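Heads up, the thing below is written out as structure tokens.
All heavy atoms count here, side chains included; hydrogens, waters and symmetry mates do not. The model shown is predicted, which means the values in this text are computed figures rather than measured ones. Index from 1, following the sequence. Counting convention: from 1, in listed order, for ligands and their atoms alike.
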Amino acid sequence: MKNIQSLHKVLIVDDEEVICDTFSRLLNYAGYTCQVAQNGKEALGMLEQQEFSLLLSDINMPVMSGLDLLRTAVEKHGDLAVLMISGVDDRDVAINCLEMGAYGYIIKPVQMNELVINVANALHRRELEIINKRYNQQLQKLVEARTEELNLAREETIMTLGKAAEFRDNETAQHTIRMSHYCQMLARQCGLPESQCEQIRLASPLHDIGKIGISDTILLKPGKLTDEEFVIIQQHPEIGYRILVDAKSESLRLGATIAYTHHEKFDGSGYPRKMKGTAIPIEGRIAAISDVFDALTTNRVYKSAIEVDKAVEILKQGRGSHFDPDLLDIFLQNMETILRIKEQCADHSE
Ligand SMILES: [Fe+2]
Ligand SMILES: [Fe+2]
């Protein structure tokens, strides 16, 4: 049966052949499997070819210094233990080696016991570090999986809330999905940071959440709304804002902003606060374009979808009055992507 030491391969690097032979014999005697290299370059080549547990290297060598070998070996072979050996008892060099990742620094001449103890200690420490590293990797994976689950749950909750509000208004479930993708695409094309674009995608389905607070008789009224009824409908942005504004979650708070501002118009003629121009948060300006485009181009219970060209014309008529002109230009420049989203997220009945 093999002993535990023989499972570890040791690479000995020294330009003096006699030292390589001596160390090799001593470590063989202690049960380790050894190979030798005459310089750092040769050693690096061998490390690429085979798996070693430990590198035992001289410091002063031709071709490549032991310190350069140490640096590259530690960088390329994370699980390798390295012990440095030197004829010079130099405290600064020793500290430097340890800081660069060496497990130890041995001064020549080396006693057999000293060498074997240092090698055994280094291998023991290496084993603990490998166990620790694997444990941390597993932990990291677990945290990532849990985070993904949480994100998914959060996204589903937001989407479901958004859908619930849209259903009350006879909108289709796909409206919130399409609209949120239009919003994300537009945010990206505006050059907003990716994390903000993702937040906009997550939060925009909540734009009409305030419709939960509007009575069915008004919301589902088939004919034209009276002035009073229209005033009540116009309360949905503020109701939505109040539902969401105190949330701890960033996505829900952004949902509050979008709900509050998605009916504002660039020229100040929108509602509920008649905000104007860039005083309207960019997320609200983005949502306004995406929401109207989707409402125009898809079937609703009360109206059929209109052609994309016609919808583009209508959007253009609102350039600078209803919509932020710069954002609208960007939206229209990306019609290919818009149409792809429209197709991918089409209503099931279409
Ligand atoms: Fe709305
Ligand atoms: Fe909507």
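Tracing side-chain contacts under 4.5 Å through hydrophobic residues (I, L, V, M, F, W, Y), one never reaches I209 starting from M159; they form parts of separate clusters.
Residue contacts to the Fe ion (ligand 2): D294 brings no N, O or S atom closer than 2.8 Å. Distances from the Fe ion (ligand 2) show that H175 has an N/O/S atom below 2.8 Å.
No side-chain donor from either of E16 and Q38 sits under 3.5 Å from a side-chain acceptor of the other.
For H175 and H207, the distance between ring centers is under 6.0 angstrom.
By the 30° and 60° cut-offs, the orientation of the rings of Y241 relative to Y260 is parallel. Relative orientation of the Y271 and H263 rings is parallel, given thresholds of 30° and 60° on the angle between their planes.
One finds an angle of 90° at the Fe ion (ligand 1) between NE2 on H262 and NE2 on H263, to the nearest 10 degrees. Geometry about the Fe ion (ligand 2) gives an angle of 90° between OD1 of D291 and NE2 of H207, rounded in steps of 10 degrees. Our summary of the site lists the angle at the Fe ion (ligand 1) between OD1 of D208 and NE2 of H236 as 80°, to the nearest 10 degrees.
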